[in-house]
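What you see below is based on every heavy atom in this structure, not just the backbone, and it leaves out hydrogens, waters and symmetry mates. So that the names make sense, note that chain A is the first sequence line, chain B the second, and so on, each numbered from 1.
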Amino acid sequence: MSSTTSLLSSFVVSDNLIQYSSGLIPISYTELNLKQTLLGGQSFRWNEQSPNEFIGVLKSYIIYLQHENENLHYTFYTNKSRSIDSNENDRQNETSRIIHNYFQLSIKLHDLFQQWCKSDVRFQNGLIPTGIRVLDQDPLENLISFICSSNNNVQRITKMVKQLCIEYGKEIGTINGIVYHQFPTIDELDKSNLETRLRELNFGYRARYIQQAIKYLKYTINDITFFDRLKSLSVKEARTELLKIMGVGRKVADCVLLMSLGKQDVVPVDTHIHSIAVTHYGQSKKLQLNTTNYNAISTFFEQLWQPFAGWAQAAAFSNELRSITTYKSIIQSTSLKRSISSYETHSQCKLVKREKKTFIN
DNA sequence: CCCTTACCTAGGCT
DNA sequence: AAGCCTAGGTAAG
């Protein structure tokens with residue numbers, strides 16, 4: 001074990017780790033709120049060290065982040081056994097690119113907020129916090145994590161994802177007594193007893209979904225470029241493909257589209273967004289979330305918040321999590337019914353179900 | 001198309 | 001203290 005001192009904390013780093021590269025990106029707190037972005041329910045892989053310090057895993061790196069004085073500092077650690085590029089300049093370029101891509105820093109929240117203010121008084125009135133970014137995450141990790149999210153809470157999802165990484169992912173190293181693992185690959189998850197083991201780990205009925213999803217990706221899809229191909233499809237086409245995966249319904253599909261496939265306008269509708277629609281945008285309380293209502297709410301927000309409606313959703317969602325109905329709502333006269341448009345045909349839904357049904361093992 | 005129901009579990013609440 | 005409820009849903013009927 002060796003000790004390193006960062007700006008705020010001292011680290012105890014295991015001997016099998018090396019500091020790979022580090023850097024700094026100037027960015028204001030209105031462009032990046034690290035806590036709300038990393039712990040707001042998009043990713044389940046970050047540990048908070050202090051209010052401005054986080055440690056998590058991206059690819060084969062353990063990454064330490066600190067946001068201080070309008071600068072985002074990052075330090076990458078990796079396992080010594082990994083073949084390391086000896087060129088320091090290359091390493092700096094690589095790590096800088098990873099951070100830029102993960103936080104999608106070419107997208108300026110300030111500009112988006114100005115757009116959203118034009119059409120939504122809740123943004124105008126400062127009721128929605130700034131600094132919340134949509135992360136560009138690994139599709140497989142995102143998919144499996146959100147399969148776990150059904151009927152579940154963030155704390156337990158985090159625990160489950162962690163268990164999955166410990167059980168099946170490659171170990172990277174230890175920092176401050178916490179062991180960090182890579183997210184497992186499809187091949188690493190392709191075990192005959194996956195479901196059994198996940199049930200032992202208290203995944204409940206999601207264990208079967210994950211087993212089925214992995215088998216489907218490995219043996220039916222059998223294409224390592226699957227997720228990349230989806231990126232080049234339209235939202236509707238890509239969603240149809242995702243819905244064929246066991247355990248993936250509309251909400252999980254939309255999360256993957258938004259957070260892993262670059263579909264920035266997709267608005268996943270969960271119970272919170274549903275509740276926001278009811279509380280702040282005049283949706284009827286009695287409406288439950290069936291396909292038609294999901295479409296209505298999703299389409300309504302996509303039109304209200306364009307462009308990058310998914311980003312507005314992330315901000316609005318975050319607000320809902322913290323406020324927990326602390327203030328009375330202002331019911332807008334805007335009607336959701338006006339924006340009803342069904343873009344999922346009946347035949348497509350039936351096809352999806354048949355495909356899922358016939359997939360055995 | 002719309003509506004129900006079952007599904008796992010942990011933690012908070014009563 | 002044991003039972004109820006809910007947490008970023010989905011599949012099956």
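- Comparing B/dT9 with C/dA1, their P atoms are spaced 23 Å from each other, to the whole Å.
- Not counting sequence neighbours, the partners of A/Ser14 by the side chain to side chain contact (heavy atoms under 4.5 Å, CB included) test are A/Met1, A/Asn16, A/Leu17, A/Thr174.
- Rounded to whole Å, the distance from CD on A/Gln36 to P on C/dG8 is 15 Å.
- Among the protein residues, A/Val252 comes within range of the sugar-phosphate backbone only, with heavy atoms under 4.0 Å from sugar or phosphate atoms but none that close to a base.
- For A/Gln306, there are no side chain to side chain donor-acceptor pair (under 3.5 Å) partners at least two apart in sequence or on another chain.
- In this structure, CD of A/Gln155 is placed 11 Å from P of C/dG8, rounded to the nearest angstrom.
- What separates CG of A/Leu198 from P of B/dT9 is a distance of 12 Å, to the nearest Å.
- Partners of A/Tyr205 by side chain to side chain donor-acceptor pair (under 3.5 Å), not counting sequence neighbours, listed by chain and number: A/Ser150.
- Nucleotides B/dC13 and C/dG8, compared at atom P, are 15 Å apart to the nearest Å.
- DNA chain B lies under 4.0 Å from no heavy atom of any residue of residues 138-148 of chain A.
- Rounding to whole angstrom units, CG of residue A/Leu289 and P of B/dC3 are separated by 12 Å.
- With sequence neighbours left out, A/Glu195 forms a side chain to side chain donor-acceptor pair (under 3.5 Å) with A/Arg199.
- Nucleotides C/dA2 and B/dC8 have their P atoms positioned 25 Å apart, rounded to a whole Å.
- Straight-line distance from the CG atom of A/Asn295 to the C1' atom of B/dC1: 13 Å, rounded to whole Å.
- The aromatic rings of A/Phe301 and A/Tyr281 sit perpendicular to each other, their planes meeting at more than 60°, with 30° as the lower class boundary.
- Rounded to whole Å, the separation between the P atoms of B/dG11 and C/dT10 comes to 24 Å.
- Where DNA chain C pairs in unbroken runs of 3 or more (Watson-Crick or G-U, both distances under 3.5 Å), the stems are B:3-7 with C:9-13, B:9-14 with C:2-7.
- For A/Asn290, the side chain to side chain contact (heavy atoms under 4.5 Å, CB included) partners are A/Thr292, A/Asn293, not counting sequence neighbours.
- What separates CG of A/Asn153 from P of B/dC13 is a distance of 13 Å, to the nearest Å.
- Within 3.5 Å, a donor on the side chain of A/Lys251 pairs with an acceptor on the base of C/dG8, or the reverse.
- The cationic atom of A/Arg82 (NZ for Lys, CZ for Arg) lies less than 6.0 Å from the six-membered ring centre of A/Tyr20 and within 45° of the ring axis.
- Every residue two or more places apart in sequence or in another chain that forms a side chain to side chain donor-acceptor pair (under 3.5 Å) with A/Gln92 is listed here: A/Glu88.
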Listed pairs, N/O of protein and of nucleotides 5-8 of chain B, under 3.5 Å:
from, atom 1, to, atom 2, distance (Å)
B/dC8, OP1, A/Arg199, NH2, 2.7
B/dC8, O5', A/Arg199, NH1, 3.2
B/dC8, O5', A/Tyr205, N, 3.4
B/dC8, O4', A/Tyr205, N, 3.1
B/dC8, O2, A/Arg156, NH1, 3.4
B/dC8, O2, A/Arg156, NH2, 3.1
B/dC8, O2, A/Arg206, NH1, 2.7
B/dC8, O2, A/Arg206, NH2, 3.4
B/dC8, N3, A/Arg206, NH2, 3.1

Do any side-chain atoms of residues 105-117 of chain A form donor-acceptor pairs under 3.5 angstrom with protein atoms, and if so which ones, sequence neighbours left out?
from, atom 1, to, atom 2, distance (Å)
A/Lys108, NZ, A/Leu105, O, 3.1
A/Trp116, NE1, A/Trp305, O, 2.8
A/Trp116, NE1, A/Pro307, O, 3.2

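- Along DNA chain C, the nucleotide nearest to A/Cys255 and the one nearest to A/Arg208 differ in position, and the one closer to the 5' end is contacted by A/Cys255.
- The separation between A/Asp270 atom CG and C/dT10 atom P is 10 Å, rounded to whole Å.
- In this view, A/Lys231 and A/Asp228 satisfy the salt bridge (Lys or Arg N to Asp or Glu O under 4.0 Å) rule, not counting sequence neighbours.
- Under the 6.0 Å distance and 45° angle rule, A/Arg91 does not count as a cation-pi partner of A/Phe76.
- Look at CE on A/Met160: it is 13 Å from C1' on C/dG8, rounded to the nearest Å.
- Here the nucleotide nearest the side chain of A/Thr292, chosen from B/dG11, C/dG8, B/dC2, is B/dC2.
- Partners of A/Thr30 according to the side chain to side chain contact (heavy atoms under 4.5 Å, CB included) rule, which considers only residues two or more places apart in sequence or in another chain, are A/Ser28, A/Thr130.
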